[in-house]
Structure formats: structure tokens, C-alpha cells
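Below is one structure, written out as C-alpha cells; the observations come after it.
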Amino acid sequence: MVCLNYTLELYVLIIAIFLHQLNFVVAESSGILLGFLLRVALPHSINKPSWRLFYCLFWGIAFLLFLIGKSIWVVFLQIMVCYFIMKHGPQRYMSMLVFFFALGYMLVNYLIRINLDTPFYDETYPLMVTTQKLTSLAFGLSDWRLMQKGKKMTPEREKWAVREMPNLLEYLAFVVSFQGVLAGPFCHWNLYRAFIEGNTKARLSEDTRHPVRYEDDPSTVGRAVATKVIAVAFWTYIQTSMHPLFPRALDADPDFIAKHNIFYRAFHAYLTFFIQRSKYYVTWILETLLTNNTTSFDFSSLAIRTLVADAVYNASGLGYIGDDENGQPQWTGMTNVHVVKIETAPCLKIYLDNWNIMTTHWLRHVCYMRAPFLNTLFTFILSALWHGVHPGYYITFIAASFFVQAGRKARANIRPLFQGSQTSRFVYDVITTLATQVSLPHLVFSFVVRDSQQILRFHKSFYFGTYIIVACLCIFLPQHKQKRRPTSPPASPEKELPPAAKSDNDRDNNHQQNHHTHQNGNHNNPGGHTEVVAAGDMASHSEGLQRRGVELVQKA
């Protein structure tokens with residue numbers, strides 16, 4: 001009888017999880033259709049920004065009610081308290097008050113939920129997004145106030161400085177907009193305002209050095225969305241078909257460890273986490289589809305939610321950054337992940353730079369650029385706090401700071417030895433790519449697996465080799481220092497980049513650098529594209545800002 005009751009409870013749990021996942025898929029898929037409808041029914045040409053704001057707010061609230069029901073009050077309590085602080089709090093300390101309240105409020109909800117039997121999707125997911133938007137808006141308002149007092153800012157902070165507090169409708173629509181409220185990605189208020197209003201003379205004539213322009217290409221948006229929907233289907237198939245063949249539980253299973261040698265287990269761990277990443281690809285791509293283009297299957301991971309997010313943004317008209325050098329339209333302004341660059345990354349830094357891109361930009365904007373010291377470490381700690389309260393998050397992100405440091409030193413000291421010929425350079429690239437891909441499961445295992453015994457057993461089965469190598473690189477390789485260029489902020493949370501590392505980064509990011517002018521509207525509108533809004537959240541080309549730095553995994 002006890003066994004029968006247990007079986008029934010298990011089946012009920014499985015059905016509940018499936019229904020929650022299905023609700024998420026329905027909401028995100030509906031977002032793509034709503035994005036296209038926003039384009040058709042409320043274009044910029046009718047000059048009704050309030051209608052566009054209300055449309056985005058209404059459907060954002062509807063999505064939240066559909067997925068979390070009455071718990072929506074938890075999200076709105078955070079939003080309204082932060083609104084009161086921004087409007088009536090002491091302006092000198094306003095940004096820090098909002099930062100610590102929003103982050104602390106989210107952490108309290110994590111602690112409340114940690115011992116509860118929560119559904120697949122609860123209120124902590126939208127709180128992750130609202131925390132990013134609220135803190136970026138607060139710092140933007142604070143930066144503008146400081147600029148008026150004569151304080152010098154980096155071009156990036158000048159670009160995202162906010163001249164005045166949005167009214168209540170603008171504020172709520174920005175924070176709860178249907179395009180990103182469920183799974184992100186985050187965007188700045190200045191970008192969202194450009195998306196809502198278009199390139200009006202009043203907005204572009206404001207006294208700012210870096211006006212955010214809006215761009216769109218209606219003729220290619222359908223193809224962009226369709227491409228990402230196909231990508232969602234592909235990665236969903238990969239996840240569902242390969243997951244049963246390479247279950248993650250085997251990586252720490254005593255029998256599996258005893259039966260197989262270290263090389264096979266390393267290969268199995270790589271495939272296990274490749275499948276895990278595929279779930280994040282699906283999610284982020286769908287979100288971008290909603291925003292940019294139209295305005296076992298596990299949707300709990302970020303991989304799958306990423307593809308969805310990209311699609312939603314694109315559908316609404318946000319994410320177009322112009323054409324590349326071959327005249328091909330680029331809908332990557334709200335893209336949260338570059339799959340090919342991740343799967344072929346020759347070092348951890350490049351891997352992180354192309355994973356959860358918009359969260360990395362937020363971390364850089366609110367933490368790395370403002371921390372008085374230990375910028376990289378504090379940024380990783382903030383990332384861990386943002387993800388949750390499980391100890392595994394902190395193990396992963398604190399270890400990641402040392403992995404990045406080890407990779408930086410290795411590039412500076414070892415890479416020059418392989419620059420004698422094209423063959424030796426190729427050999428170096430192959431070795432570093434393999435080393436990066438093989439070491440990643442060891443870094444993120446504690447993030448994905450919550451059981452301390454399994455974590456210890458997994459690392460012990462590899463004799464803690466990855467961590468020993470990283471420690472030796474950090475301790476014994478000398479630090480090569482380079483003077484900062486005074487005209488430009490660093491391209492990542494690394495304070496100093498040695499020449500070898502800089503070369504690696506330039507090679508990997510030339511594609512992004514070539515399009516900074518598009519994101520600022522400094523091109524001749526090739527191909528007759530409709531210029532309406534600035535897509536993407538990059539700074540100008542002169543900043544040298546690349547969406548780099550501490551790349552973090554969103555909450556799975």
C-alpha cells in the first residue's frame with residue numbers, strides 16, 4: 001500500500017511538472033504572435049507610445065497571472081517599493097538602496113522557496129528579470145545626476161544614463177513587458193524607450209552624447225524568427241533524444257566510476273553537459289524571437305528558454321543591428337547566447353563572454369564598473385547571489401574567477417611559444433579548445449548537481465586534477481601586466497589584458513566589433529531598412545565595449 005501511494009504521488013508530481021512546462025511553452029509561443037501583432041496594430045507611425053506601453057504591460061501581467069497566479073503580488077511588491085525609493089528616496093543613496101533592496105528581496109524569496117515544494121516556474125524567475133531592470137534604471141538615474149554635477153563617466157555609463165524618472169505607466173511597462181518578463185533577457189530603459197517611441201526628434205535631440213537609435217527591418221523579420229524557431233526545434237530534439245543515452249546521474253555513480261576509465265568518464269561528462277547546455281539554448285532563442293523578430297523535454301533550463309526569448313524580442317521589433325559586411329541582416333541585438341562560439345571556445349573567458357550575454361552586461365554595468373576593488377571577484381559573487389542561495393552556485397562562481405585568472409596567465413606565458421608558424425598556432429588552438437571543453441564539466445558540476453556527496457565523488461574520481469592544474473597556473477605562472485588605455489574602458493571584467501590574451505579576444509569578437517556603428521545608428525541605412533529604434537545594448541565603437549566579461553549561467 002505504501003509503495004502504491006508513493007507511485008501515485010510520483011505520477012502526480014510528473015504531471016504537475018509537465019503542465020507547468022507546457023504553460024511556459026504556451027506563454028512564450030504566444031509572445032511571438034503578440035510581438036507580430038504589436039508591429040501591425042501599433043506601429044511607430046501612428047505616434048501612440050502610450051498604447052504601445054499599455055499593450056506590453058497588459059500582456060506582461062497576463063503572462064505572470066497565467067504562470068504564477070496570485071503570487072504575482074510578490075513581484076509587484078518589489079517593483080512598487082523600488083518605485084517609491086526612486087521617486088522619494090534620498091537621491092544621493094537612491095541607487096544603492098534600490099540595489100540592496102531588490103537583490104535582498106529576491107534572496108529572501110529564494111530562502112523561502114528552498115524548502116518548499118515549488119512548481120517548475122515560480123515567482124523567483126520573474127524576480128531575476130525585474131531585479132536586473134530595476135537596478136539598471138536606478139543606476140542610470142544616479143549616473144545622470146552625477147553627470148550634471150560634472151563627474152566624468154565612461155562612454156557606456158553616459159549612454160545608459162537616464163535623464164528623468166519614467167512615469168508610472170512607462171515604469172511598469174518597462175519592468176513587466178511581456179517580451180522579457182518570464183525569462184529575460186534584460187535591456188536598459190533607454191533602449192526600451194527607443195523601442196516604444198521610435199526615432200523622434202524630441203528624444204534624439206536631448207542633451208546626451210550617445211543617443212540610442214532604433215533600427216528595424218520588417219522585410220527580414222519573418223525569416224529571422226523562423227530561423228530561431230527551427231533552432232529551438234533542433235536543440236529540443238538534441239535534448240530529448242540524447243538525454244536518455246547520457247544521463248547526468250551516471251557521472252557521480254559509484255558503479256559507473258568503477259567500471260569505466262578516466263578518459264571515457266571525461267568524454268561522458270562532456271556530452272552530459274553539452275546536453276544540459278542545449279536546454280538553455282532553446283529558452284534564450286525563443287525569448288529573443290518574441291522581442292526582436294515578432295516583438296524528456298526540460299524547459300526548466302535556460303538553454304531552451306534562451307532561444308524562446310530571442311524570438312519574442314525579434315517578433316516585436318527589437319534586436320536588429322543592421323547588416324554585416326556581406327549585406328546579411330543581423331537580428332542579434334538581444335541574443336543571449338552564441339552557440340558556435342561557446343562550443344568551440346579556446347578558453348573559458350571566450351566561453352563565458354558568449355553565454356548569457358545580457359546578464360553579463362548587467363553584471364558589468366552595476367557591479368564591475370562600480371566596485372572600488374576586487375572587481376572580478378565581486379562580480380562573480382553578485383552572479384552567484386543573483387542565481388540563488390545554493391552553496392554549489394558559490395563554489396562554481398568563485399572557482400570561475402580563478403579559472404579565468406589561470407586562463408589569462410596561460411595565454412600570456414604559453415601562447416607566444418606557439419606563434420612561430422601557422423601549424424603551431426593551429427596546434428595551440430586545438431589543445432586549448434579541448435582543454436576548455438573538457439574542464440567545463442568540472443567547473444559547473446556543483447552548479448547543476450545540488451548533492452554535496454555527488455559533487456565530492458565526481459571530483460574525487462578525477463583526483464581533483466582540474467583544480468590542481470588551475471591552482472598551479474595561478475600560483476607559478478608570472479603575471480604579465482599591461483598599462484590601461486586611458487580613452488577606453490576595459491573590454492571585460494579583466495583589469496589588464498596581456499597582448500596574447502587581447503589577440504585571442506580580438507580574433508573571437510571581430511564580428512561584434514564590426515557592428516557597433518549599426519547599434520548606434522551611424523550608418524547609411526543599407527538596403528532601405530526602416531530606421532526606427534536602436535537595437536541591442538552595445539556601446540559605441542569608440543568605447544571598444546564588447547558584450548564580455550563574467551558570463552554566468554542563468555537559473556536552471
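In what follows, residues are counted from 1 in the order of the sequence shown. Being a predicted model, the structure only gives us computed values, none of them experimental.
- The two residues E123 and I68 come nearest to each other via the heavy atoms N-CG2, 3.9 Å.
- Classified by interplanar angle (parallel below 30°, tilted 30° to 60°, perpendicular above 60°), the ring pair Y393/F447 is tilted.
- The aromatic rings of Y55 and F178 sit perpendicular to each other, their planes meeting at more than 60°, with 30° as the lower class boundary.
- The structure places SG of C56 at 4.5 Å from CD of Q179, a figure rounded to the nearest 0.5 Å.
- Taking a cutoff of 4.0 Å between a charged side-chain nitrogen and a carboxylate oxygen, E197 and R52 do not qualify as a salt bridge.
- Every residue meeting the side chain to side chain contact (heavy atoms under 4.5 Å, CB included) condition with V175, not counting sequence neighbours, appears here in chain and number order: I79, T130, L134, Y171.
- Listed by first and then second residue, the side chain to side chain donor-acceptor pair (under 3.5 Å) pairs involving residues 58-75 amount to none (not counting sequence neighbours).
- Between F445 and I455 there is a side-chain heavy-atom pair separated by less than 4.5 Å.
- Taking the six-membered ring where the residue is Trp, the centroids of H390 and Y110 are separated by 6.0 Å or more.
- Between L141 and M165 there is a side-chain heavy-atom pair separated by less than 4.5 Å.
- Side-chain atoms of N326 never come within 3.5 Å of backbone atoms of Q328 as a donor-acceptor pair (strictly under, hydrogens ignored).
- Using bins of under 30°, 30° to 60° and over 60° for the plane-to-plane angle, the ring pair H188/F186 lands in the perpendicular bin.
- Defined by atom type and a distance below 3.5 Å, a donor-acceptor pair is present between the side-chain atoms of Q78 and T131.
- Residue F100 holds its CZ atom at 11.5 Å from CG of L107, rounded to the nearest 0.5 Å.
- In this structure, the separation between CG on L67 and OH on Y125 is 11.5 Å, given to the nearest 0.5 Å.
- No hydrogens or angles considered: nothing links the side chains of W331 and T227 as a donor-acceptor pair under 3.5 Å.
- The closest donor-acceptor contact from the side chain of W160 to the backbone of N190 lies at 3.5 Å or more, if one exists at all.
- Within a 6.0 Å radius of CZ in F76, more than 12 heavy atoms belonging to other residues, nucleotides or ligands are found.
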